[in-house]
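Presented below is the structure to which this report refers.
Numbered from 1 within each chain, the chains take letters A, B, ... in sequence-line order.
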Amino acid sequence: MSTPAAAAGQQPEQLEAQHVHAVYDLIADHFSATRYKPWPVVDSFLREQPLGALGADVGCGNGKYLGVNPDVVMLGSDRSAKLVGICRERGFDAMICDGLMLPYRSSAFVRLRSDFAISIAVIHHFATPERRQHAIAELLRIVRPGGSVLIFVWALEQESQSRRKFDQQDVFVPWKMPKRIYAAGGAGAEGPAADGTASAAPAERTPDEVYQRYYHMFVAGELDALALATGMCSITASGYDRDNHYVILERRP
Amino acid sequence: MRLITHNMLQCHVKGCTTNNFPLQIQDAELETLEAEFNPGFVQRLIPKLHWGALYHTAVSLGIEDLPEQMPEEVTEDLLRAIHKVALETRVKEGKAVCLGCGHVYPISNGIPNMLLQDNEV
């Protein structure tokens, strides 16, 4: 496995642009097709929110959490224009923005009686401790005092049956995208095959396209410590679930 | 972009702190996506809305379903009007412009792009 050490000397912004933002735009359709089942902790967190609550899903991906609880208003956002486009196709309302600079008026969330934000499998893509802490602080900034923030990040400690094993925290994780092309000269080169079916042309399997995504794999306790270091929250709950560390934060007054 | 989403957006260009809310929608093409009407849900949204911003934005888009002042008595007609304006009306194309610093956030295919250039951060 290649590691970001190969990219030594790269600024964190460049690393994220090349090995996070660009990759998600390239793999968006395939990624989305594999992301449909809500994780139970996230599902119950969303369903526990009261009627009319307003919440932000920062790094909403293909929007799989935007429709879990129809009794709340979800503001979806993602850095990947392609993933936001998929949200749109699914009828969800989402915007393109940067997780370090959320374009929400802070008071919008202060006015609420119950409010929340979620960030699922996002903060592990920021390339320095400062930027990861900044991303958490930004989530806390947009929720009202007493509001809650749920964060999931990948764990260095992967369950024993997992295919993934990591011996260091900053890694590239390959995304393999199966790629099929029509045989040269086949009907597929010009569109639908002669018999009218789109898939009749003989498909030739080429080597999978592999894209390297940057991850910072969190160790136990690291996410909690980073959240507390913002000075903006207390910890309501934290745990480990399906190869991830998660934490639920309460925004301090 | 639903108008309730617009109601939450603020310009975040570095140093832009005055007149940065609400963003003015220009050159708008609107669309309507029907949503199920839930009176209790809409009622709970009211205190979370910036009424002036919602009203003036709606008027600027040619929508005159809302009263300028939030009435003391909340009727079902009012809830239906808020539902229609804030939750069903969407900006499909256009731009959201900051009246403070002039920054233009493009809206394309229903999606606002709130990213800034490096020199604006």
From A/Met95 atom CE to B/Ile111 atom CD1, the distance as rounded to the nearest 0.5 Å: 10.5 Å

Under 4.5 Å from a heavy atom of chain A, the part of B/Leu23 involved: neither

A/Arg105 vs B/Met8, side-chain contact (heavy atoms from CB on, under 4.5 Å): CA-CA, chis, key distance, verdict: CA-CA 6 Å; A/Arg105 62 184 167 106; B/Met8 307 299 157; 4.1 Å; yes

Heavy-atom proximity to chain A below 4.5 Å, by part of B/Phe41: both

Top contributor to chain A interface from B/Leu116, B/Leu87, B/Leu45 [non-hydrogen pairs under 4.5 Å]: B/Leu45

Structural part of B/Asn113 lying under 4.5 Å from a heavy atom of chain A: both

Nearest-0.5 Å distance that lies between atom OG1 in B/Thr5 and atom OH in A/Tyr104: 7.5 Å

Derivation and outcome, side-chain contact (heavy atoms from CB on, under 4.5 Å), residues A/Arg79 and B/Leu115: CA-CA 8 Å; A/Arg79 184 64 177 70; B/Leu115 294 176; 3.5 Å; yes

Distance in Å, A/Leu75 CG paired with B/Asn7 CG, rounded so as to fall on 0.5 Å steps: 10.0 Å

Minimum heavy-atom distance between A/Cys97 and B/Met114, given as atom pair plus value: CB-CB, 3.9 Å

Euclidean distance, B/Gln10 CD relative to A/Ile142 CD1, rounded to 0.5 Å: 12.0 Å

Pair A/Asp93-B/Leu33, side-chain contact (heavy atoms from CB on, under 4.5 Å): steps then yes or no: CA-CA 11 Å; A/Asp93 190 12; B/Leu33 213 69; over 6 Å; no

Where A/Ala94 and B/Pro112 come nearest, the two heavy atoms and their spacing: O-CD, 3.7 Å

Part of B/Lys14 within contact of chain A (heavy atom distance under 4.5 Å): neither

Atom NZ of A/Lys64 with >12 non-hydrogen neighbours under 6.0 angstrom: yes

Option in A/Val72, A/Asp98, A/Leu100, A/Val73 with maximal non-hydrogen atom pairs under 4.5 Å from chain B: A/Val73

Step-by-step side-chain contact (heavy atoms from CB on, under 4.5 Å) determination, B/His12 to A/Leu102: CA-CA 8 Å; B/His12 57 296; A/Leu102 298 175; over 6 Å; no

